[in-house]
Amino acid sequence: MPFLSRRTYPSGRKVWAIYYRKHGKQRSKVIGAVDRRTAEKAFSTFCARLVSGTFGIRDVTPISLPDFFRLYLEYAIGVKAPHTLRREHQIIDVFSKAFKAPEFQLIEITAEDLLRYRSQRLLQVSKATVNLEFRHLKAIFNTARSLGYLDNNPFDSIKSLRIASRNLPRFFELGDIERIRKRFGGDEMESLVNFYLLTGARLDEALKLTRDDLDFTRALLTIRGIYSKSGKHRIVAFGNDPALATLLRKQGLTNDQYLFGPPDNRPRWSADWVSRRISGILTELGYPWASVHTFRHTYISHLVMAGVPINTVRELIGHSSIRTTLRYAHLAPRHKRIMAAKRPY
C-alpha cells in the first residue's frame, strides 16, 4: 500500500515523497519541498493513477549535485564543442560554490534557490552574462531530467532578465578595410585576416581548417561542426567569389597540414595569441574597440547593406537563430525603400 512521508536529505532539506512497491521492489517518488496539502493532493492523484495503471510522477534517482555535475561533464566531452565545454566548466564551478554542501541533492534545488542565486550573481556580472549562464544551466538540468534524476526542471519557471536593446556591434567601413589590408600586407597573418573579412568565420573556425576541408572540384569549403559554435557543419561556396578562391588556391599548407599558421617549424598559433596580436595591430591603427570578431560583424553588416535577405545572411554566417541576425536588419533602410518602390502598382 502506498504511503506519504517526508524525506530529510543530509543537507537538512525536507521533501515529501511517496513510497510504494512495484514488481516486488520498494520504490519512491519525490514530490518536492511543498506544503502538506499540496503533497496530499499529489498523493491522491498518484493513488488514482496507480489503480488505473497510469503513473503521472516519474521515478527519480537520487544523486548529489557534485556527482551529477561530474557525470554531466564526462558526457559533455564527446558532445559539446571545446569552447562550449570550457564555458560550462566555468559556469558549473561558480554555481557549485553557491551550493557548498557536498551532499546537496540535485532534486533539492528549487526555483526560489535559483532566484536567490541570480540576485547574488547580478552583483558580480551583467544581466546578459546571467542570462547566458542560466541558459546553459537550464540545458544541463534538462539533461538531468532526461536521465531520470529530476522530475521537473526548476529553471523552467525562471524567465530571462530583460535587457535594454544594445547598439549594433561596430564594424569596419570600406575605407577601414582598405587601411587594415594595407597594414597586414606582407604580414604572416595577411591571408588569415583576409579570410576573416571574406567569410565572417569565427576566430577558431579558421585556425582549425585543413586541406581535407577544401574541395576545389566543387569549389566548396567545409567548416566542421565540431569547431563551430552551433555544432553544425557550414559550407562556404567560393565558385562565384574570385577573391576567396584566389586566396584559398594561393594558401600554402603549414607543416601540420593546417591552412593557416606559421609556414616554418615554429609552434602552431594558438587562438589566444592570434586574437591578441590582431587586436594589438588594430589598436595601433586607431581601432581600440576592435577584435578578430569585428571582422565577422563587418562581413554581416556589409551583406545586409548590400540587400542580401536576412535569412540568407543567417545561413552564410552560421547563426543558429535568425534573431541574432536581425540585430543588423536596421542597417539597410535605404535598401528597404528601394524594395518597397518596386511594387507593381
Side-chain angles (χ1 to χ4, degrees), residues 168-210 213-214 216 219-224 227-230 234-254 258-263 269-310 312-319 324-325 327-328 331-332 335:
L168 181 73
R170 299 177 72 172
F171 62 93
F172 298 121
E173 300 286 357
L174 295 179
D176 301 323
I177 295 173
E178 184 178 352
R179 285 188 66 211
I180 292 167
R181 281 178 163 163
K182 183 176 180 180
R183 169 60 181 81
F184 279 96
D187 189 274
E188 61 182 352
M189 288 189 178
E190 179 181 7
S191 295
L192 179 60
V193 168
N194 276 309
F195 182 79
Y196 285 133
L197 285 167
L198 293 172
T199 64
R202 296 183 177 92
L203 171 65
D204 216 31
E205 290 175 344
L207 296 176
K208 298 293 186 182
L209 289 172
T210 67
D213 300 321
L214 269 174
F216 284 112
L220 299 176
L221 172 68
T222 302
I223 296 177
R224 300 188 182 277
Y227 303 123
S228 68
K229 187 175 181 180
S230 65
R234 187 161 83 253
I235 306 298
V236 178
F238 55 87
N240 295 322
D241 190 338
L244 181 57
T246 300
L247 184 152
L248 292 174
R249 290 188 185 279
K250 288 183 177 180
Q251 186 61 26
L253 294 175
T254 58
Y258 285 92
L259 289 182
F260 300 103
W269 296 337
S270 70
D272 288 340
W273 185 82
V274 169
S275 178
R276 289 196 301 271
R277 186 170 188 276
I278 291 179
S279 294
I281 293 175
L282 292 175
T283 298
E284 292 174 8
L285 289 173
Y287 310 110
W289 45 268
S291 66
V292 172
H293 209 69
T294 309
F295 296 137
R296 183 171 171 84
H297 294 316
T298 299
Y299 178 79
I300 300 172
S301 300
H302 285 281
L303 285 179
V304 171
M305 290 188 291
V308 178
I310 288 292
T312 301
V313 176
R314 182 192 67 80
E315 293 175 354
L316 289 171
I317 205 67
H319 282 156
T324 306
T325 320
R327 294 173 61 198
Y328 300 82
L331 279 172
H335 299 289

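When atom types are taken as modelled, the side chain of Arg183 and the backbone of Leu285 share no donor-acceptor pair closer than 3.5 angstrom. In this structure, Asn194 contributes its side chain and Ser191 its backbone to no donor-acceptor pair below 3.5 Å. Counting only distance, with no hydrogens or angles, the side chain of Ser275 and the backbone of Ala271 share no donor-acceptor pair below 3.5 Å. With Thr246 contributing its side chain and Ala243 its backbone, the two residues share no donor-acceptor pair below 3.5 Å. When atom types are taken as modelled, the side chain of Arg224 and the backbone of Lys208 share no donor-acceptor pair closer than 3.5 angstrom.
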key: Derivation and outcome, side chain to side chain contact (heavy atoms under 4.5 Å, CB included), residues Leu221 and Asp213   = CA-CA 6 Å; Leu221 172 68; Asp213 300 321; 4.2 Å; yes
message = Using the rule given for side chain to side chain contact (heavy atoms under 4.5 Å, CB included), can you reason through Met189 versus Trp269, listing the C-alpha separation, both sets of side-chain angles and the distance that settles it, and then say yes or no?
response = CA-CA 10 Å; Met189 288 189 178; Trp269 296 337; 3.8 Å; yes
message = Pair Phe238, Leu248 - check side chain to side chain contact (heavy atoms under 4.5 Å, CB included), show working.
response = CA-CA 9 Å; Phe238 55 87; Leu248 292 174; 3.7 Å; yes
Working for side chain to side chain contact (heavy atoms under 4.5 Å, CB included), residues Trp289 and Thr294 = CA-CA 9 Å; Trp289 45 268; Thr294 309; 3.6 Å; yes
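No more than 12 heavy atoms of other residues, nucleotides or ligands shown are found within 6.0 angstrom of CD on Glu178.
Here the straight-line distance linking atom CG of Leu197 with atom CZ of Phe295 works out to 5.0 Å at 0.5 Å rounding. Expressed to the nearest 0.5 Å, how far CZ of Arg249 lies from CG of Leu214 amounts to 9.0 Å. Between the OG1 atom in Thr199 and the CD1 atom in Ile317 there is a gap of 7.5 Å [rounded to 0.5 Å]. Considering CG of Leu198 and OG1 of Thr298, their distance stands at 11.5 Å, rounded to 0.5 Å. Between Ser301 atom OG and Glu173 atom CD the span is 8.5 Å, to the nearest 0.5 Å. For the atom pair Leu209 CG and Asp204 CG, the distance stands at 10.0 Å (nearest 0.5 Å).
The minimum heavy-atom distance between Arg202 and Tyr196, with the atom names listed, is O-CE2, 3.5 Å. Smallest separation of non-hydrogen atoms from Ser291 and Leu282: O-CD1, 3.9 Å. In this structure, Ser279 and Ala290 approach most closely via the heavy-atom pair OG-O, 4.0 Å. For Ile223 against Ala201, the heavy-atom pair with the smallest separation is CD1-CB, 4.5 Å.
Considering only heavy atoms from C-beta on, Arg327 stays 4.5 Å or farther from Ile300 through its side chain. The side-chain heavy atoms of Leu244 and Val236, taken from C-beta on, include a pair separated by under 4.5 Å. Residues Ile281 and Ile180 fail the side-chain proximity criterion, which asks for heavy atoms closer than 4.5 Å.
Aromatic ring orientation, Phe172 versus Tyr287: perpendicular (interplanar angle above 60°, classes split at 30° and 60°).
Side-chain contact, Thr324 with His319: no donor N or O sits under 3.5 Å from an acceptor N or O.
In summary, Asp187 and Arg277 engage in a salt bridge, as defined by a charged side-chain N under 4.0 Å from a carboxylate O.
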